[in-house]
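Single-structure report; data block below.
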Amino acid sequence: MPRVSIGMPVYNGERYLRFSLESLLGQSFGDFELVISDNASTDGTQDICRGYEARDRRVRYTRTDSNIGGPANFRRVFRLCTGEYHKWSTADDYWDLTTIEKCVAVLDRHPDVALVYPKSLLEDADGNLLQRYDDHLHLMEDSAVQRFKKVVETATLCHAHLGVLRRSAMEQTALIGNEVASDLRFLAEMSLYGKFYVVPEYLFHRRFHEASSSWDRQSSDWQRQYYDPSHRSLFGLHTWRRYFNLGLAVVRAPLPGAEKWSLLHYVARKARWQRRKLWAELKSLGHIRT
């Protein structure tokens, strides 16, 4: 079993896929598997991946018969991986060649750390630097309550889930779900199982371009296509589901009763502050008519 699994969910990623794969296969830490889950791509993604699979024994390529949506593909590739540590990696972005080595060193040194990730460089489609970005999620507090609240209050752009994570902690969570911004909810849930450590170097290069999920995607049509392309579920009530899932994460976590009640009260209070949005979501589904 490899020490690290890199899981790459990809859909029509041919534009940057080779560059991204090279940044992973060239890592200074070599004890890993790279599992690619192709979400029924219709471009040249399959041919590119098959080529890398043939050349490097660490690469394993799989493909879905139909588009299952972005979050489901993240979950699928996680289930296909086996490593002690897990790293999701997207086909648009790329990494400094020392990233995994530096993250693994922290996890090996600190068994109470569940997630390690570096600082980020935001780049445009041509690789030009837009911004040096710090998520401010270096969460080394002993208190899970403090860590959870910090994630909920602070996280905006979601980069930390693309770091190197302790698989045993991930298995306790619901992973990334089908509600909008479920990656941020996942981070909050992870904080209940361990500390977050930020490698103080800019090692992650995140691309912003019109075909990426990191672009501004507020339209309901795009959200439906990304989260539920098969139209198999009731789509909507994202704020309701966000707070319900946050509460469920707290209930599942191995916390003392007093800490659970404290966090449940916190989640309920946050939801109450969003009551206008919650009400609007109900009306938009036609559940309440005025």
Side-chain angles (χ1 to χ4, degrees), residues 71 74 88 103 106 110 112-122 131-166 169-170 172-200 202 204 206 208 213-214 216-218 223 227 237-281:
F74 269 83
W88 278 313
C103 291
V106 174
H110 299 286
D112 57 347
V113 170
L115 181 157
V116 184
Y117 75 105
K119 294 184 177 183
S120 307
L121 297 172
L122 309 186
Q131 181 184 347
R132 293 178 179 270
Y133 187 82
D134 186 350
D135 299 74
H136 301 292
L137 290 179
H138 186 71
L139 308 178
M140 296 299 287
E141 297 89 346
D142 291 329
S143 169
V145 171
Q146 293 179 22
R147 297 194 302 264
F148 183 91
K149 290 181 178 179
K150 184 69 175 294
V151 173
V152 173
E153 299 290 341
T154 304
T156 51
L157 291 179
C158 196
H159 298 161
H161 74 300
L162 298 175
V164 180
L165 288 66
R166 204 174 292 275
M170 296 177 71
Q172 306 304 310
T173 75
L175 299 176
I176 294 175
N178 291 331
E179 78 275 18
V180 172
S182 59
D183 47 3
L184 297 177
R185 187 268 307 149
F186 166 70
L187 285 181
E189 191 167 4
M190 278 293 291
S191 74
L192 299 173
Y193 294 92
K195 300 174 180 178
F196 291 7
Y197 189 101
V198 177
V199 176
Y202 293 94
F204 175 42
R206 182 173 183 179
F208 280 78
S213 60
S214 54
D216 184 15
R217 301 299 188 188
Q218 298 302 316
Q223 291 176 355
Y227 287 93
L237 298 177
H238 296 293
T239 309
W240 284 93
R241 289 195 281 164
R242 169 180 170 79
Y243 287 109
F244 175 81
N245 288 332
L246 283 172
L248 195 60
V250 171
V251 171
R252 283 195 301 254
L255 299 175
E259 293 186 5
K260 285 191 178 185
W261 280 114
S262 173
L263 282 179
L264 287 172
H265 178 75
Y266 168 76
V267 171
R269 187 171 69 250
K270 294 288 291 185
R272 185 174 181 274
W273 291 344
Q274 295 287 321
R275 57 188 178 274
R276 291 185 178 179
K277 190 172 185 179
L278 293 168
W279 178 258
E281 286 185 354

For Glu281, is there an ion pair with Lys277 - N to carboxylate O distance below 4.0 angstrom?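 The answer is no: the pair does not qualify as a salt bridge.
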Using a strict 4.0 Å threshold on nitrogen-to-oxygen distance, state whether Lys195 and Asp142 make a salt bridge.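 Judged by the 4.0 Å cut-off on N to carboxylate O distance, Lys195 and Asp142 do form a salt bridge.
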Ring centroid separation His138 to Phe196 under 6.0 Å: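 Aromatic pair excluded; centres sit 6.0 Å or further apart.
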Mind listing the closest non-hydrogen atom pair of Gly247 and Leu264 along with its distance?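 That closest heavy-atom pairing would be O-CD2, 3.6 Å.
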Between Arg275 (side chain) and Arg272 (backbone), is there a donor-acceptor pair under 3.5 Å? yes
Has Tyr266 got more than 12 heavy atoms of other residues, nucleotides or ligands less than 6.0 Å from its OH?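 It does: Tyr266 OH has more than 12 such atoms within range.
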Does Arg269 CZ have over 12 foreign heavy atoms under 6.0 Å away? yes
Measure the NE2-OG1 distance between His136 and Thr156 for me, rounded to the nearest 0.5 Å.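 Atom-to-atom, His136:NE2 and Thr156:OG1 are 8.5 Å apart.
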Could you tell me whether Arg166 sits above the aromatic face of Tyr193, with NZ or CZ closer than 6.0 angstrom to the six-membered ring centre and within 45 degrees of the axis? no
Contact between Leu192 and Gln172 at the side-chain level, heavy atoms closer than 4.5 Å - yes or no?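 Leu192 does not reach Gln172 side chain to side chain.
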Relative to the ring of His110, is the ring of Tyr197 parallel (under 30°), tilted (30 to 60°) or perpendicular (over 60°)? parallel
Sole residue of Asp134, Val199, Asp135 in side chain to side chain contact (heavy atoms under 4.5 Å, CB included) with Lys119: Asp134
